Amino acid sequence: MALRFHNTLTGKTEEFVPLRSGEVHMYVCGVTVYDRSHIGHARALVAFDVIYRYLQFSGYEVTFVRNFTDVDDKIINRANERGISAEELTDTYIRDFNSDMQALRCLPPTHEPRATQHIPDMLTLIQELEAKKLAYAVDGDVYYAVDRFAAYGKLAHRRLEDMEAGARIEVDERKRHPMDFALWKSSKPGEPAWDSPWGKGRPGWHIECSAMSSKYLGQPFDIHGGGADLIFPHHENEIAQSEGAKGCALARYWLHNGMVTVEQEKMSKSLGNFLTIEAALSKVSTPEVLRQVLLSSHYRMALDFSTQKLAEAEKGLARIYKTLARADEAIGASNNGDRLAESAHINRFREAMDDDCNTPRALGMIFDGVREMNRALDGGQIPEVAVLRSEIAKMGGVLGLFQEPPAQFLEHQKQTGLAEASLTPEAIEALIDERAAARKEKDFQRADEIRAQLAEQGIVLKDSLTGTTWTVR
RNA sequence: GGCGGCGUACCCAAGUGGCUAAGGGAGAGGUCUGCAAAACCUCCAUUCACCGGUUCGAAUCCGGUCGCCGCCUCCA
């Protein structure tokens with residue numbers, strides 16, 4: 001089966017055929033850097049990171065562009081509040097963003113352009129629109145004339161007339177049409193400003209994506225992605241700008257991820273229910289746990305975030321890593337199953353991923369593989385184990401999961417759990433020694449007392465031929 | 001008001017015309033163990049919000065009802 005994506009533009013799931021064979025050009029809307037990124041951003045970033053990885057896995061050469069919006073009202077206001085420059089503010093949050101991305105194992109895109117570094121490209125584009133009478137200037141501002149673009153509303157599947165009816169639109173007398181949007185805004189004193197044919201000012205929000213996407217990817221390009229909340233107006237306006245100016249399509253496949261909700265409500269600052277990536281990561285033993293949660297539901301569905309989901313993902317990941325650790329021990333460092341032909345697992349994984357990047361189904365395949373691997377381990381079938389181990393590594397590579405050495409993951413989880421318990425490893429070891437002595441004396445009553453005592457404090461003992469080891473919870 | 005989506009077991013979550021409704025978590029029993037843990041095995045939805053219809057056959061298509069969510073304003 002061929003790779004298929006759900007395309008917002010057509011409302012259908014379609015086979016993916018890139019413009020140029022073997023190459024994919026993809027643009028994803030990044031973040032506005034005026035604050036820490038939250039788990040809603042993480043959802044979008046991870047979703048498209050997996051799509052990026054899977055396209056590469058499928059043999060495509062991918063050019064992936066993701067922007068930083070580093071000029072906008074929120075940035076200016078926040079910088080003023082703090083008495084720092086907009087640039088200082090955005091530099092700080094770009095650094096934080098990068099560290100979040102690294103933690104979440106998101107691969108760096110091919111290009112990460114910043115809006116402020118592409119002002120001339122935007123000015124050129126606005127002038128093209130003005131020349132085509134798709135834009136008009138009023139007192140140093142420039143607006144896009146939506147009713148001059150016949151296809152306006154085609155992405156969001158709305159008609160201009162319908163939007164006016166119930167919409168909460170601020171009436172701006174200077175606009176020719178209530179839905180007209182700013183391409184260029186005149187600046188007040190003290191605000192970041194660039195020279196333009198219309199006087200000092202700064203770009204509107206949507207124009208940067210139109211300018212930067214075509215600059216790095218050409219037009220049309222293959223895939224344009226972002227959160228579902230960007231469909232209207234942001235992406236609709238990008239289409240109006242780019243297609244209006246160039247007379248050809250902007251992008252062919254429009255992909256949108258679903259929103260993250262908390263207790264059934266979308267995260268937002270006003271509701272006070274947003275959770276930063278940093279805060280979410282502080283609740284888990286390793287960042288992969290958050291990534292696992294994010295990939296446990298299909299990228300287009302709404303995802304209701306909860307600490308329960310984190311806990312379940314933590315257990316699921318631990319199950320996988322435990323098996324991988326067993327496998328690595330059984331196989332030994334030298335041996336590997338890479339040379340062996342791909343088996344049914346990889347093919348079923350591909351089928352799941354080909355189906356609009358169905359990561360929950362793909363994870364199901366992986367858990368199937370894990371069970372099979374444990375069975376092979378129990379049965380001492382090492383060659384089978386080696387093949388499965390290599391397959392799971394490959395599938396994990398596409399999802400950006402199971403990338404840690406298993407022993408390291410398990411140790412990490414142990415440490416995290418231990419931090420919540422009130423015991424030191426030394427104290428635990430001492431009790432284990434005492435228990436070992438008791439067991440040697442066949443004093444099982446005392447031995448069981450120690451087990452129970454530790455269990456009460458969340459420490460689980462595991463006896464084996466080589467001695468007793470412990471884990472948390 | 002317009003547009004879009006969702007409602008599947010105790011919880012999470014795939015499946016969108018036809019073999020036994022994936023997978024994970026929780027729970028129950030078993031194998032193993034001095035006892036445990038882990039792992040494995042078995043069980044855990046004759047049923048997919050509800051009501052009609054189409055069909056040889058529907059969770060899946062069509063119509064309607066109820067409930068929830070998102071967008072239409074800055075938003076990933």
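Note that the structure is predicted; figures quoted are calculated from it, not measured. Below, chain A is the first sequence line, B the second, and so on; all start at residue 1.
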### Message
Counting only side-chain heavy atoms from C-beta out, which of B:rC35, B:rC69, B:rC72 sits nearest to A:T261?
### Response
B:rC69
### Task
Test the A:R66-A:Y27 pair against the cation-pi criterion, namely NZ or CZ under 6.0 angstrom from the six-membered ring centroid and within 45° of the ring axis.
no
### Query
Taking the side chain of A:F232 as heavy atoms from C-beta outward, which of B:rG23, B:rG25, B:rC71 is closest to it?
B:rC71
### Task
Quick one: look up who B:rG52 pairs with, Watson-Crick or G-U, both distances under 3.5 Å, and put none if it's unpaired.
B:rC62
### Message
Can you tell me the base-pairing partner of B:rC43? Count Watson-Crick or G-U wobble geometry only, both distances below 3.5 Å, and say none if there is no partner.
### Response
B:rG27
### Query
How far does the C1' atom of B:rC62 sit from the matching atom of B:rG17, given to the nearest Å?
13 Å
### Task
Give A:R435 one of three labels, base, sugar-phosphate or nothing, depending on what nucleic acid heavy atoms sit under 4.0 Å from its own.
base
#### Entry: Any N/O donor-acceptor pair, A:R451 side-chain to B:rA36 base, under 3.5 Å
yes
### Closest to the A:A44 side chain, choosing from B:rA76, B:rA39, B:rG24
B:rA76
### Summary
Atom CD of A:E372 and atom P of B:rC41 are separated, to the nearest Å, by 10 Å
### Message
Classify A:G153 by what it touches in the nucleic acid, base, sugar-phosphate, or nothing, heavy-atom distance under 4.0 Å.
### Response
nothing
### Nucleotide paired to B:rG34 in any strand shown, Watson-Crick or G-U, under 3.5 Å
none
### Message
Taking any heavy-atom pair under 4.0 Å as a contact, classify A:A302: base, sugar-phosphate, or nothing.
### Response
nothing
### Query
Is there a donor and acceptor pair closer than 3.5 Å between the side chain of A:D448 and the base of B:rG34?
yes
### Task
Using modelled atom types only, decide if a donor and an acceptor are shared between the side chain of A:E236 and the backbone of A:K154 within a distance under 3.5 Å.
yes
### Query
For the pair made of CZ in A:R202 and P in B:rC74, what is the distance, rounded to whole Å?
13 Å
### Query
Out of B:rC11, B:rG34, B:rA76, which has the shortest distance to the side chain of A:F444?
B:rG34
### Task
For B:rC6 versus B:rG53, give the span between their C1' atoms, rounded off to a whole number of Å.
23 Å
### Task
Provide the Watson-Crick or G-U wobble partner of B:rA14, both distances under 3.5 Å; none if there is no partner.
none
### Query
RNA chain B: A:I231 or A:A362, which has the more 5' nearest nucleotide?
A:A362
#### Entry: Pair A:R174, A:Y143: side-chain N/O donor-acceptor within cut-off below 3.5 Å
yes
### Message
For A:Q403, is the CD atom crowded, meaning more than 12 foreign heavy atoms sit under 6.0 Å from it?
### Response
yes
### Query
Checking all strands, does A:V28 fall into the base, sugar-phosphate, or nothing category for heavy-atom contacts under 4.0 angstrom?
nothing
### Query
What interatomic distance, in whole Å, is found between C1' of B:rA9 and the corresponding atom of B:rG5?
23 Å
### Task
Check every strand shown and say whether A:H298 touches a base, only sugar-phosphate, or nothing at a heavy-atom separation below 4.0 Å.
sugar-phosphate
### Task
Check every strand shown and say whether A:M365 touches a base, only sugar-phosphate, or nothing at a heavy-atom separation below 4.0 Å.
nothing
### Query
When the C1' atoms of B:rG70 and B:rC48 are considered, how many whole Å apart are they?
24 Å
### Query
Rounded to whole angstrom units, what separation is found between the CD atom of A:Q413 and the P atom of B:rA38?
13 Å
#### Entry: Nucleotide nearest A:P233 when distance is taken to its side chain, options B:rC11, B:rC74, B:rG34
B:rC74
### Task
Answer with base, sugar-phosphate or nothing: what part of the nucleic acid does A:D368 contact at a heavy-atom distance below 4.0 Å?
sugar-phosphate
### Task
Please determine if a side-chain N or O atom of A:N358 lies less than 4.0 Å away from the OP1 or OP2 oxygen of B:rG15.
yes
### Query
Just checking A:D378: base, sugar-phosphate only, or nothing, at a heavy-atom cut-off of under 4.0 Å?
sugar-phosphate
### Query
Which nucleotide, B:rC69, B:rG70, B:rG15, lies nearest any side-chain atom of A:M259?
B:rG70
### Query
Does a salt bridge link A:D73 with A:R202, judged by any charged N lying under 4.0 Å from a carboxylate O?
yes
### Query
Over how many whole Å does the gap from A:K315 atom NZ to B:rA39 atom P extend?
12 Å
### Task
For salt bridge (Lys or Arg N to Asp or Glu O under 4.0 Å), just list the numbers for A:D49 and A:R105, CA-CA rounded to whole Å, side-chain angles, deciding distance to a tenth of an Å, and then say yes or no.
CA-CA 9 Å; A:D49 178 63; A:R105 310 267 191 275; over 6 Å; no
### Message
At 4.0 Å (heavy atoms only), tell me whether A:K266 reaches a base, stays on the sugar-phosphate, or touches nothing.
### Response
base
### Message
Base of B:rG24, side chain of A:R319 - is there a donor-acceptor contact under 3.5 Å?
### Response
no
### Task
Under a 3.5 Å limit for both distances, which nucleotide forms a Watson-Crick or G-U wobble pair with B:rC68, could you say?
B:rG5
### Query
Separation of A:L255 atom CG from B:rG4 atom P, in whole Å?
18 Å
### Query
Side-chain donor or acceptor of A:R158 under 3.5 Å from a matching atom on the base of B:rC71?
yes
#### Entry: Pair of N/O donor and acceptor under 3.5 Å linking B:rG23 base with A:R348 side chain
no
### Nearest to side-chain heavy atoms of A:M179, which nucleotide of B:rA76, B:rA13, B:rU73
B:rU73
### Message
What's A:G226 touching, base or sugar-phosphate or nothing? Going by heavy atoms closer than 4.0 Å.
### Response
sugar-phosphate
### Query
Is the A:H206 ring parallel, tilted or perpendicular to the A:H234 ring (thresholds 30°, 60°)?
tilted
### Query
Mind checking the P distance from B:rA28 to B:rA37? Whole angstroms is fine.
11 Å
### Message
Could you tell me how far apart A:Q445 (CD) and B:rA36 (P) are, to the nearest whole angstrom?
### Response
16 Å
### Query
Between B:rU42 and B:rA59, how far is it from one P atom to the other, in whole Å?
26 Å
### Task
Output yes when A:K266 and A:D229 qualify as a salt bridge under the 4.0 Å nitrogen-oxygen rule, no when they do not.
yes
### Query
If you measure only the distance, is there a donor-acceptor pair under 3.5 Å linking the side chains of A:Y321 and A:H412?
no
#### Entry: OP1 or OP2 of B:rA39 under 4.0 Å from side-chain N/O of A:K462
no
### Query
When rounded to the nearest Å, what value does the distance between C1' atoms of B:rC66 and B:rU73 take?
30 Å
### Whole-Å gap separating P (B:rU73) and CG (A:N237)
10 Å
### Donor-acceptor pair under 3.5 Å, A:D304 side chain vs B:rC69 base
no
### Whole-Å gap separating P (B:rC72) and CG (A:D180)
18 Å
### Task
Could you check if a side-chain atom of A:N7 sits within less than 4.5 angstrom of a side-chain atom of A:K12, using non-hydrogen atoms only?
no
### Task
With P as the reference atom in both, quote the distance from B:rC44 to B:rU20 in angstrom, rounded to an integer.
15 Å
### Query
Which of the following nucleotides, B:rC3, B:rC11, B:rG24, is nearest to the side chain of A:Q308?
B:rC11
### Most 5' of A:L303 and A:K74 on RNA chain B, judged by nearest nucleotide
A:L303
### Query
Can you find a donor-acceptor N/O pair under 3.5 angstrom joining the side chain of A:R375 to the base of B:rC40?
no
### Closest to the A:D463 side chain, choosing from B:rC35, B:rC3, B:rA13
B:rC35
### Query
Base, sugar-phosphate, or nothing for A:R439, non-hydrogen atoms under 4.0 angstrom?
base
